[in-house]
J.: 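Provided herewith is a single structure, encoded as structure tokens, for subsequent inquiry.
Since the structure is predicted, the reported quantities are computational estimates derived from the model, not experimental observations.
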Amino acid sequence: MLRPCSHGAEKYGIDAAEWRAHMCGLCLGLRDGHGQLARTATNTDAILLSVLTEAQLPASSTRTTAGRCPLRGMRRAEVAAADSPGVLLASTASLLLGSAKLRDHVADGDASRLAGRPMVRMSTRWADSARRQAALIDFDVEPLVAAIGSQQLVESRAAALRPAAVGAGPNASDQSPIMRGPDAASDEPRVTLDELTAPTALCAAEFFAHAAILANRPDNADHLRTVGEHFGRIAHLSDAIADYDDDIAHGRFNPLAATGTTLAESYELVRESDAELRGALAAARLADVPTVRWMLLDPLHALVRRLGKGVGAVTAHACNATRDGHPRAHRTDRRPPTRRPDLGQALAIVFGVYCTGYACCADHTSPCTGERKDAWWKSCDCGSCCDCGDCCSGCGDCCSCGGCCDC
């Protein structure tokens with residue numbers, strides 16, 4: 001969901017290789033503890049757990065020299081130690097979320113019958129590995145496993161009571177929802193969006209809170225639990241917004257469609273969670289830590305802004321206001337739907353693109369979503385994290401933007 005901008009690292013006086021140090025440490029931790037195939041479970045958002053753990057430690061964490069890797073252009077690198085508390089926590093999260101994602105693919109019918117059973121077995125194996133790994137850091141993951149297991153049941157109930165939007169096509173989400181005939185007469189209460197996002201929010205909340213425990217900062221646990229809760233909510237909602245068109249086109253479950261939530265309403269929920277997350281980080285005295293700002297808060301700001309453009313949110317600015325003071329609306333169509341690769345195609349991309357280092361030097365297709373991704377050497381999605389270029393275009397001397405465009 002998040003990727004830091006290399007330009008921002010210089011602004012905060014951070015080495016841009018710091019993000020890679022955490023990512024490579026997580027990848028190697030998965031390999032050392034759970035085998036080569038477990039490296040495919042590397043979750044870039046889980047890197048934040050390693051970052052937050054380190055940010056609370058009184059002294060800098062040690063680094064270890066990693067061997068040559070195709071994803072680094074066959075260069076060595078200083079990476080986070082595989083046995084450091086933050087990496088152990090991040091690898092636990094990666095295995096647990098990877099296990100859930102595999103089961104989701106099978107449940108959504110994305111896997112063929114031939115591939116379905118191996119994926120279920122791999123999902124079970126990763127879940128067991130997550131339990132063993134969690135025991136090493138005194139982290140009880142059973143409530144999280146139960147919450148993940150309940151997700152499918154909640155989604156099934158929501159699908160059965162789903163409201164149908166009036167109209168069709170990309171603008172259908174802006175219509176008022178009505179209930180389908182048989183469901184309208186049902187006495188069973190409809191599933192709410194909060195119920196659908198609760199498992200993700202719970203998992204993220206407990207992982208973030210445990211980062212404080214591992215750093216011997218129990219006073220921060222409640223604050224980071226709040227941060228994690230809203231981070232998980234944002235992750236769930238942003239996926240639902242981004243996948244809305246594709247899910248509707250392919251008849252897949254989407255929490256927004258299932259609850260009759262419009263894209264504009266979901267975006268407001270994202271903004272609310274963003275504000276709560278930042279407030280909790282400030283309360284934990286982590287909001288001004290350079291690595292946290294660079295790897296979490298700045299990319300999160302870019303994500304919220306990107307989602308706002310996608311759903312046609314109105315951006316008010318002195319440069320685009322009419323003479324009577326009302327802002328002009330800037331609406332951008334959502335991205336076109338992409339086709340998610342099946343298992344065979346995804347494995348071909350992983351081994352042919354990622355394991356060979358091709359992704360480092362050329363644009364490529366994501367094995368998870370089918371989206372086109374920039375080459376990793378570019379290492380910056382500046383079109384979204386630093387997209388200030390057009391907000392004051394043509395201003396001339398008409399205004400002084402001050403800090404509003406300070407990237």
J.: Between L297 and R278, which heavy-atom pair has the shortest distance, and what is it?
T.: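 Here L297 and R278 meet closest at O-NH2, 2.9 Å.
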
J.: Could you tell me which non-hydrogen atom of L214 sits nearest to which non-hydrogen atom of P85, and how far apart they are?
T.: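 Of all heavy-atom pairs spanning L214 and P85, the closest is CD1-O, 3.5 Å.
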
J.: How far apart are the closest heavy atoms of L307 and S238, and which atoms are they?
T.: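 Shortest heavy-atom separation between L307 and S238 comes out as CD1-CB, 3.7 Å.
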
J.: So does R132 pair up with D128, basic N to acidic O under 4.0 Å?
T.: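 Salt bridge between R132 and D128, a charged N being under 4.0 Å from a carboxylate O: no.
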
J.: Can you run down the side chain to side chain donor-acceptor pair (under 3.5 Å) pairs that involve residues 87-98, sequence neighbours left out, and say none if there aren't any?
T.: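 Applying side chain to side chain donor-acceptor pair (under 3.5 Å) to every pair that reaches into residues 87-98, excluding sequence neighbours, yields S91-Q133.
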
J.: Determine all donor-acceptor pairs shorter than 3.5 Å in which one atom belongs to a side chain in residues 194-201; sequence neighbours excluded.
T.:
residue: E195; atom: OE1; partner: R157; partner atom: NH2; Å: 3.3
residue: E195; atom: OE2; partner: T192; partner atom: N; Å: 3.0
residue: E195; atom: OE2; partner: T192; partner atom: OG1; Å: 3.3
residue: T197; atom: OG1; partner: L193; partner atom: O; Å: 3.2
residue: T197; atom: OG1; partner: D194; partner atom: O; Å: 3.3
residue: T200; atom: OG1; partner: H236; partner atom: ND1; Å: 3.0

J.: Taking all heavy atoms of L161 and all of R190, pick out the closest pair and write down the distance.
T.: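 That would be O-CG, 3.8 Å.
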
J.: Report yes if some heavy atom in the side chain of V51 is under 4.5 Å from a heavy atom in the side chain of W294; otherwise report no.
T.: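 Not touching, per the 4.5 Å side-chain cut-off.
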
J.: Just to verify, what does D222 make a salt bridge (Lys or Arg N to Asp or Glu O under 4.0 Å) with, not counting sequence neighbours?
T.: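 Only R225 meet the salt bridge (Lys or Arg N to Asp or Glu O under 4.0 Å) criterion with D222.
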
J.: Sequence neighbours excluded and cut-off under 3.5 Å, please list the side-chain donor-acceptor pairs for residues 95-102, or say none.
T.:
residue: S99; atom: OG; partner: S123; partner atom: O; Å: 2.7
residue: S99; atom: OG; partner: S123; partner atom: OG; Å: 2.9

J.: Look only at the side chain of S273 and the backbone of V270, and say whether a donor-acceptor pair between them is shorter than 3.5 Å.
T.: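 Flag not set: sc S273 to bb V270 has no pair under 3.5 Å.
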
J.: Residues two or more places apart in sequence or in another chain: which of them pass ring-ring contact (aromatic ring centres under 6.0 Å, His included) with F253?
T.: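 None.
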
J.: What is the minimum heavy-atom distance between V87 and G25, and which atoms define it?
T.: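 Smallest heavy-atom distance, with atoms named: CG1-O, 3.5 Å.
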
J.: Using residues 14-23 as the side-chain source, report each donor-acceptor pair under 3.5 Å to any protein atom, sequence neighbours left out, with the distance given to one decimal.
T.:
residue: D15; atom: OD1; partner: A17; partner atom: N; Å: 3.0
residue: E18; atom: OE2; partner: R63; partner atom: NH2; Å: 2.4
residue: H22; atom: ND1; partner: S50; partner atom: OG; Å: 2.8

